[in-house]
Amino acid sequence: MSDDYAARQDRPQDQVRSRLGAHPLPGGQETRFRVWSTRAQQVAVRVNGERHLMEALPGAYFELVLPVGAGSRYLFELDGQPTPDPYARFLPDGVHAEAEVVDLGAYRWQHTDWNGRPLPECVFYELHVGTFTPEGTLRAAQERLPYLRDLGVTAVQLMPLAAFPGGRGWGYDGVAMYAPFAPYGRPEDLMAFVDAAHGLGLAVFLDVVYNHFGPDGNYLLSYSPSYFTDRFHTAWGQGLDYAEEHMRRYITGNARMWLQDYRLDGLRLDATAAMQDDSEVHILRELAREVHALGGHHVLLAEDHRNEPSLVTEDGLDGIWVDDFHHEVRVTLTDEQEGYYGGFRGGAAELAQIINRGWKYEGQFWNVTGEEHHRGRPADALEAPSFVYCIQNHDQIGNRALGDRLHQTDGVTLAEYRGAGTLLLTLPMTPLLFQGQEWAAGTPFPFFSDHHGELGQLVSEGRRREFAYFSSFSGENIPDPQAEETFQSAKLDWSELERGEHARTLALYRRLLHLRRHDPVLCERSRRFLSAGSREDGQVLWVQWRTPQGERTLLWNLGAQPLEDLAGLPVGSGAPVMLRSEDPGGAPLSARPLVPGEALLLGDPA
């Protein structure tokens with residue numbers, strides 16, 4: 001594929017042929033149906049129960065314009081075989097059923113002056129639509145948006161919405177990438193959610209899976225084997241052939257749909273290390289070009305464990321989810337050494353190294369069983385916002401046997417948990433919270449899915465094998481991913497917010513997010529003003545900001561004893577206290593020692 005591929009897409013014939021599926025024509029009285037299939041000799045479309053033969057065109061295309069509009073139900077027939085449309089914009093009865101003709105231009109947007117948020121302004125709040133509210137719908141989630149605005153986050157990160165089989169799941173087994181998952185709501189419900197968020201000053205991001213398709217309901221192969229290739233393989237099966245023009249357009253067109261038609265502000269690209277491409281222009285680079293060409297503040301983030309700064313500096317993405325920070329925090333608080341945690345030692349000095357360098361692995365040997373290799377490169381060229389940090393996310397909670405959150409882990413105190421949150425939200429790196437984190441939610445987030453019969457059993461067994469290196473997966477009390485009660489257990493309990501330790505934690509998060517937004521020093525997003533280290537005994541982490549606007553110092557007591565003095569730390573005894581994670585009033589150290597796990601922010605208040 002040549003470098004002028006993007007330019008060639010602007011040709012009228014390429015624009016027409018790239019729009020496969022069903023598209024209402026101007027005026028809304030007619031719909032053009034278009035199919036590309038290298039398998040079928042004859043293609044028909046069944047619309048509202050009536051069968052119509054489609055015209056064969058050069059290049060294995062089939063087309064027909066019919067006097068039907070939005071709301072019509074249709075299904076393609078390939079050589080007489082009923083076959084769902086993998087380009088469907090909505091599948092109201094699931095991925096194995098008829099599609100609905102949808103006019104994505106019909107929604108009346110209210111907040112048309114919204115231009116997005118640049119990444120340095122983003123504080124992400126990751127949520128799963130099905131468990132964020134009792135109702136599990138986009139409309140119900142929309143009602144909670146004022147809460148998120150008042151909390152102080154600025155960007156909602158939705159877990160995948162592309163249609164997948166069954167009635168519940170995480171969404172990473174999507175098969176119809178253009179159709180929002182029907183149990184969450186209709187396309188216009190998603191538009192209304194985005195519109196309302198923009199009206200509150202919230203950006204909306206979507207997690208998209210472009211590295212594989214789920215095991216049930218992927219009908220692209222029925223149309224052409226060319227979408228996939230044996231040149232690459234993923235953990236989920238046959239590789240996607242991004243060098244094939246139609247697969248490439250399936251991906252790039254999908255990104256444009258979410259950002260243009262639904263007006264989303266950015267995408268989080270799942271497992272980009274698995275997006276293998278031998279084209280002249282890698283698919284990630286082309287995605288970045290197309291997204292940024294749309295204008296505004298559209299942002300692309302990679303979930304990528306490789307610690308490769310080239311994803312930003314060469315491919316043109318905007319940021320990377322950084323595993324190292326999460327893993328080092330977790331090992332520090334739990335001493336866990338199983339699986340990939342074996343690559344981290346924990347402690348104040350190790351955390352300081354990551355803060356100073358951006359991530360831990362810059363080419364060192366990654367000596368984790370089954371994955372022995374040199375990992376990462378120095379990240380000196382990346383600024384702080386390009387590092388997305390978290391202390392928990394859907395994977396790091398849900399990939400545990402019981403789906404227990406960080407503060408629910410044996411040995412982790414609420415003081416340590418709140419101290420970790422204080423560190424996360426004061427750093428200039430881009431923070432991400434997972435739903436309920438801000439009030440230390442009591443509900444778990446276990447893995448759940450809705451695959452029926454043998455496939456459901458295979459998924460459950462495969463999950464046990466995948467995480468066999470964690471001893472907890474050998475127990476007998478692991479929730480069954482296919483059980484309805486496993487899904488129900490993940491739903492947030494909103495009645496917790498104002499009670500006891502939940503309310504105390506929520507108040508801290510609100511204060512931290514206010515400081516992050518308004519404090520003239522903590523507002524600074526450059527790494528050049530940041531340094532970190534540890535006291536000689538390794539029991540205290542310090543982080544210091546020295547900017548033209550002033551200085552701030554964070555101390556986190558990681559020892560087992562109270563911290564009573566500042567000896568051996570780069571801060572004077574007279575520095576005023578701005579915040580204590582266990583005392584919102586900010587009592588001076590002389591009044592009360594820093595308890596184990598507590599964090600202290602020092603500096604002249606804004």
Under 3.5 Å: donor-acceptor pair, side chain of [X], backbone of [Y]:
{"X": "H374", "Y": "G363", "value": "yes"}
{"X": "T505", "Y": "E501", "value": "yes"}
{"X": "W494", "Y": "F132", "value": "yes"}
{"X": "E496", "Y": "G442", "value": "yes"}
{"X": "T272", "Y": "L269", "value": "no"}
{"X": "T137", "Y": "A140", "value": "yes"}
{"X": "R580", "Y": "G586", "value": "no"}
{"X": "R400", "Y": "Q396", "value": "no"}
{"X": "D304", "Y": "A273", "value": "yes"}
{"X": "R516", "Y": "L427", "value": "yes"}

Item to complete: Give the C-alpha distance, both sets of side-chain angles, the deciding distance and a yes or no for side chain to side chain donor-acceptor pair (under 3.5 Å) between D113 and H198.
Response: CA-CA 9 Å; D113 56 345; H198 290 170; over 6 Å; no

Worksheet entry | side chain to side chain donor-acceptor pair (under 3.5 Å): pairs with one or both residues in residues 586-595, sequence neighbours excluded | R592-E598

Fill in: Inter- and intrachain pairs under side chain to side chain donor-acceptor pair (under 3.5 Å), touching residues 554-570, at least two apart
none

Could you state the interatomic distance from [atom1] ([X]) to [atom2] ([Y]), rounded to the nearest 0.5 Å?
{"X": "I391", "Y": "H407", "atom1": "CD1", "atom2": "NE2", "answer": "10.5 Å"}
{"X": "H514", "Y": "L425", "atom1": "NE2", "atom2": "CG", "answer": "14.0 Å"}
{"X": "H326", "Y": "L424", "atom1": "NE2", "atom2": "CG", "answer": "10.5 Å"}
{"X": "K360", "Y": "Q353", "atom1": "NZ", "atom2": "CD", "answer": "6.5 Å"}
{"X": "L138", "Y": "L161", "atom1": "CG", "atom2": "CG", "answer": "6.0 Å"}
{"X": "M191", "Y": "D195", "atom1": "CE", "atom2": "CG", "answer": "10.5 Å"}

Any side-chain heavy-atom pair of [X] and [Y] under 4.5 Å:
{"X": "D404", "Y": "I397", "answer": "no"}
{"X": "Y125", "Y": "Q157", "answer": "no"}
{"X": "L127", "Y": "L158", "answer": "yes"}
{"X": "L558", "Y": "Q539", "answer": "no"}
{"X": "E582", "Y": "R418", "answer": "yes"}
{"X": "T430", "Y": "P385", "answer": "yes"}
{"X": "T332", "Y": "E350", "answer": "no"}
{"X": "L506", "Y": "H502", "answer": "no"}

Do you know the tightest heavy-atom contact between [X] and [Y]?
{"X": "P596", "Y": "A415", "answer": "O-CB, 3.6 Å"}
{"X": "L513", "Y": "L151", "answer": "CD1-O, 3.2 Å"}
{"X": "L594", "Y": "L555", "answer": "CD2-O, 4.1 Å"}
{"X": "V209", "Y": "P160", "answer": "CG2-CG, 4.1 Å"}
{"X": "S581", "Y": "L579", "answer": "N-CD2, 4.0 Å"}
{"X": "D318", "Y": "H292", "answer": "OD2-NE2, 2.9 Å"}

Worksheet item: W359 and ring pair (Phe, Tyr, Trp, His ring centres under 6.0 Å): which partner among F387, W321, Y389, F325?
Response: F387

Could you tell me whether [X] and [Y] make a salt bridge, using a distance below 4.0 angstrom between a side-chain N and a carboxylate O?
{"X": "E524", "Y": "R552", "result": "no"}
{"X": "K491", "Y": "D493", "result": "no"}
{"X": "R527", "Y": "E383", "result": "no"}

Side-chain H-bond candidate by donor/acceptor type, [X] with [Y], under 3.5 Å:
{"X": "Y417", "Y": "Q392", "answer": "yes"}
{"X": "Q437", "Y": "Y509", "answer": "yes"}
{"X": "Q435", "Y": "T131", "answer": "yes"}
{"X": "T409", "Y": "R330", "answer": "yes"}
{"X": "R528", "Y": "S526", "answer": "yes"}
{"X": "H305", "Y": "D324", "answer": "no"}
{"X": "E438", "Y": "Y147", "answer": "yes"}

Does [atom1] in [X] sit with more than 12 non-hydrogen atoms of other residues, nucleotides or ligands closer than 6.0 Å?
{"X": "Q337", "atom1": "CD", "result": "yes"}
{"X": "R546", "atom1": "CZ", "result": "no"}
{"X": "R345", "atom1": "CZ", "result": "no"}

Practice prompt. Report the residue from R375, R357, R377 that forms a side chain to side chain donor-acceptor pair (under 3.5 Å) with E362.
Written response: R357

Fill in: F434/R405 under side chain to side chain contact (heavy atoms under 4.5 Å, CB included): CA gap, chis, key distance, verdict
CA-CA 10 Å; F434 182 72; R405 295 169 180 261; 3.9 Å; yes

Could you check, using the six-membered ring where one of them is a Trp, whether [X] and [Y] have ring centers closer than 6.0 angstrom?
{"X": "Y172", "Y": "H394", "value": "yes"}
{"X": "Y340", "Y": "W366", "value": "no"}
{"X": "F445", "Y": "W170", "value": "yes"}

Worksheet item: What pairs with R117 under side-chain contact (heavy atoms from CB on, under 4.5 Å), at least two apart in sequence or on another chain?
Response: W114, E121, C122, T154, A203

Worksheet item: Stepwise, does the side chain to side chain contact (heavy atoms under 4.5 Å, CB included) test hold for E336 with Y341?
Response: CA-CA 6 Å; E336 293 181 28; Y341 294 134; 3.3 Å; yes

Worksheet item: So H128 and F448, would you call those rings parallel, tilted or perpendicular, with 30° and 60° as cut-offs?
Response: perpendicular

Discussion item. Could you go through F124 and L433, starting from their C-alpha distance and side-chain angles, then the distance that decides it, and tell me whether this counts as side chain to side chain contact (heavy atoms under 4.5 Å, CB included)?
Written reply: CA-CA 6 Å; F124 288 104; L433 313 180; over 6 Å; no

Item to complete: Could you walk me through whether L600 and T422 pass side chain to side chain contact (heavy atoms under 4.5 Å, CB included), step by step?
Response: CA-CA 9 Å; L600 173 72; T422 303; over 6 Å; no

